[in-house]
Asks: 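One structure, as structure tokens, below. Some questions next.
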Amino acid sequence: MAPLRYPVRFMSCTPTKNEHRYCTSLANEIEVKWQQAWDETNINKVGNPNDVNFDISKPKFYCLDMFPYPSGAGLHVGHPVGYIGSDILSRFKRMQGFNVLHPMGWDAFGLPAEQYAIETGVHPAKTTRKAIDTFRGQLKRIGFSYDWSREFATIDPDYYKWTQWIWLKAYDSWFDEEKQKALPVSDLVSGLEQKKISCGDTPWNALTQTQQDEFIDSKRLAYLGEYTVNWCPKLGTVLANEEVVDGRSERGGHPVVRRSMRQWMFRITAYADRLLYDLKGLDWPESTLRMQKDWIGRSEGADIDFLIDGCDKTIRVYTTRPDTLFGATFMVLAPEHPFVESIKTPEVQAYVEEARNRSDVDRMADSKEKTGVDTGKFAINPANGAKIPIWIADYVLMGYGHGAIMAVPAHDDRDHAFATAHSIQIVEVVQPDEPCEGCFASEGVAVNSASEVVSINGQQTAEAKQTIIDWLKTSGFGFGKVNYRLRDWLFSRQRYWGEPFPIVFDANGKHYPISETSLPVELPTIDDYTPPVSDEPQPLLAKAESWVHTTAGEAGVDASLLSPDTPVRREVNTMPGWAGSCWYELRYCSPSCETRFVDKEAESYWMGNGVDMYIGGAEHAVRHLLYTRFWQKMLFDLGEVSSNEPFKKLFHQGLLTSFAFQRSDKTLVPTTEVEEKDGKYVEKITGEEVNQIIAKMSKSLKNVVNPDDVIAEYGADTLRLYEMYMGPLEASAPWNTHDIVGVHRFLQRVWRLGIEEETGELRACLNSEPNEDVERSLHKTIAKVTGDIPQLAYNTAIASMIEFVNSATNAGCITTSQLQQFIRILSPFAPHISQELFARLGEDSFVCSSQWPSFDEAMLTASTIELPVQIMGKVRGKIEVPAEATSEEVENAALADERVKECLEGLTVRKIIVVPGKIINIVAN
RNA sequence: GCCGAAGUGGCGGAAUUGGCAGACGCGCCGGAUUCAAAAUCCGGUUCCCGUUUAGGGAGUAUGGGUUCGAGUCCCAUCUUCGGUACCA
């Protein structure tokens, strides 16, 4: 029975008495020694513009990793992939003379710690701090060159003080549509007072104080809005759509009700256009730009008002196809549409009730089957006066457009399915240019689209749209409209473990901000983390009663807003997990600044045109990046930061996968329950054959590899090298324990280039004359690595270094200077072994502070080159020519070649193609 | 369904603008070293035919096309992965 190939580990070297070989124990010894030395000398600490010894004339490079959520389980080998990538780039840039900002911190608010607190009563801060210590220890052992003096966690009061401060900024700002930017609320008020800004039909000074407050509140970038949530009274919490299955909580199966709650929102939709437009200037992966565009979802169309038959009300719909107005044979309202309340028939009420308690996910799950109910009411098509029935159906969503549509069954798949299911009339109004099957939803020529008031017959779709929009405008039935899929951002969470909102409510429910000087609003400690069971949504924080109920003065509300002894109630919702990660890239510039969220000068130096390289997983391609961009733009508008976009260049590292095993019914078998038999994988217990598949590393699959184990086995340098050698950094690749030994052997050969293994002394031949081939190979390798690193093409850079070491090994000698240069290009990848060899070669300084080697262009080309000769596209021979040979000389040399002559016998040469330096192709028949 | 990315040896992968397909590593095979093993070193390793050699043929998911020449460009199809999900 063969042993299982995975996850059994292989010893890199058998325990040996030879302590001078680069084996497990020596690697670990070297690594720990230098890590301590780097720590003690603060070698990776970088200053700021105003610090002494800071050379501001050097170019800057801000290289940022997406900071991790420190889970209790610690790191697995997938975590460091991106970090190794950014570390290599940072080290390379330092050696090239850049000031490099390369920080690390912790995205530390999060659900797991709160869940754990609920189960065990341990304060989330305690759990989280412990996890951070574990993570930090693991990261340090990999030898990353982070400037640890800049480390912080989002749960630090010193940090979330400023998260709260930024939120207050948003609360105190509004979006000026005309100027397309955020401005302080005070500008809005003075604009209203000076009548430069209108607040509707009633003049500003005729409004009551309450009306004025309401108007202002309706303009704030951070505002209170109504939002439908999944409330689970039993769990005492709001659940995400995916956590609700069939109207019950996924965990525990408790009933979930959908209800509207007043919650803090961000007016991100105001920035939709800018968030979309500014994508143009970003050096980001194309796929991520695409996803951001789709998420924002800009569309052009028209708002159209339909009169209701028999009353003077109208219902507004949004459509991207105003040209199909004549084909609108019915109207559909979302169940939550305000007009629905006025319809009291039992069928409608039953349908609405049922739809309300279906989550969005459920509604979409059975999207094939279109349910709905007829209201019995009619709307009037403004184009032709036709009476069309009004239906209610949950395929129309309240959250998009106006929650109402004009249904054109002939030219929309969903409307078509609905009309077919409910036997509603279908009228064709667009003719395809070429005949087609089924429902025709694209562009063509308008037909059946004429009435006394407007006609578009014969017009192409684009023209027809414009005609209808123009007519809508003149007739007053509507207007052209740009719409977005993006919605305002729900920023309240009914959790304990998050940033508290710096705001309080008086007895009337009116809100007052806490003054800047009283920040941070710290989380109170509570004894019991079990959520309150209640029908009325009550976040966990509500349990801290003495904290919640306080006075304006105690809470820190400015006395000019509210008298200090006024009783107030604190906001008991907290901010979502995204909050802390929306501006952390700014804080790293000056993490201990006490007077500002970021020191102005440090910010403009490091963030001048955004982060130069941001590396992280594609799973954050939409939300984190969009939210951070939004905060950045807000702060930019308010003059707080110098850059309009936070991340100039973005890179996604690939997912590190691992082997897992699947039964024939596709259920998964833990790796430990599988063994290899005659080249097949079988489940130990049953003996059944299982399939080897590639899957994410996860606890449940028991296929997680811990970096600590790999380091104990091979050392951190080998781990780093292996993870970078697996394939392109952006691609996913399966972890294969087998392959690690390859790069470990490479390091052993590197070691042997300099060190006599028997004695541990430097090799005698280091003082010999340089070998010409080795010298050429070195220059080629320096050129290759220098070119590959900025592109993060580490796998090919490593391959070329392996080639160099192989050729130097074969040559039998290398000079001190050659080895020293090679060590410098190796050092970003394998910093420890490089440092050790660097020191042994007699250098006092650190290799990471040395200069990046240069190469001689002239050494890259050989004096003679070998060219393949093709005849009719097949290689038939090779010729050797001087590198500078002319096409004619090359041609003659090719025709003179014996082997070529042989192959050309009996053929007539028609044409000869010479590609200089590449190939010769002879066309003959 | 829609959008995006990708399909290359036994495996991970290389091939910068169309120019010697399979660099480099793993594994495997053979050899050296060793009492033996491990480790290390050297050589070989896409497949098929040719007993060896010389050589020949096929080959980058599939089927077509453009070109002197295609992994690379164009069209169609299939598969896998990721994102998204009735957005009117």
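Just so it is clear: chains get the letters A, B, ... in the order the sequence lines come, proteins before strands, and each one is counted from 1. These numbers were taken from a predicted model, which means no experiment stands behind them.
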Asks: What interatomic distance, in whole Å, is found between C1' of U67(B) and the corresponding atom of A54(B)?
Replies: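 Approximately 33 Å lies between the C1' atom of A54(B) and that of U67(B).
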
Asks: Work out how far the P atom of C29(B) is from that of A39(B), and round it to whole angstrom.
Replies: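 Between the two P atoms, the distance is 13 Å.
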
Asks: Sticking with atom C1', work out how far G12(B) lies from C78(B), rounded to a whole angstrom.
Replies: 25 Å

Asks: Tell me whether K370(A) forms a cation-pi arrangement with Y395(A), defined as NZ or CZ under 6.0 Å from the six-membered ring centre and within 45 degrees of its axis.
Replies: yes

Asks: Are there runs of at least three consecutive Watson-Crick or G-U pairs touching RNA chain B, with each pair's two distances under 3.5 angstrom? Give them by first number.
Replies: B:1-7 with B:78-84, B:10-12 with B:24-26, B:27-32 with B:40-45, B:46-49 with B:55-58, B:61-65 with B:73-77

Asks: Tell me, do M726(A) and N736(A) make a side-chain contact under 4.5 Å, heavy atoms counted?
Replies: no

Asks: Please measure how far the P atom in C2(B) lies from the corresponding atom in G71(B), and state the result in whole Å.
Replies: 31 Å

Asks: Using the P atom as the point on both nucleotides, what is the distance between A14(B) and U33(B), in whole Å?
Replies: 39 Å

Asks: If you assign each of L655(A) and I913(A) to its closest nucleotide in RNA chain B, which residue comes earlier from the 5' end?
Replies: I913(A)

Asks: Using atom C1' in both nucleotides, what's the gap between G30(B) and G69(B) to the nearest angstrom?
Replies: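 Looking at atom C1' only, G30(B) and G69(B) are 38 Å apart.
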
Asks: Taking atom C1' in both C68(B) and G18(B), what distance in whole Å separates the two?
Replies: 12 Å

Asks: Nucleotides 54-57 of chain B: which of its N/O atoms have a protein N/O under 3.5 Å away?
Replies:
from: G56(B); atom 1: OP1; to: R876(A); atom 2: NH1; distance (Å): 3.2
from: G56(B); atom 1: OP1; to: R899(A); atom 2: NH2; distance (Å): 3.0

Asks: Does the base of C68(B) carry an N or O that pairs as donor and acceptor with the side chain of N921(A) under 3.5 Å?
Replies: yes

Asks: Syn or anti for G9(B), with syn set at within 90° of 0?
Replies: syn

Asks: Could you tell me whether the side chain of K918(A) has a donor or acceptor atom within less than 3.5 Å of a complementary atom in the base of C20(B)?
Replies: no

Asks: Could you label the plane-to-plane angle of the H624(A) and H620(A) rings as parallel, tilted or perpendicular, counting under 30° as parallel and over 60° as perpendicular?
Replies: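 The rings of H624(A) and H620(A) stand perpendicular, inter-plane angle above 60°.
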
Asks: Please report the distance separating the P of G43(B) from the corresponding atom of G64(B), rounded so that it comes out in whole Å.
Replies: 42 Å

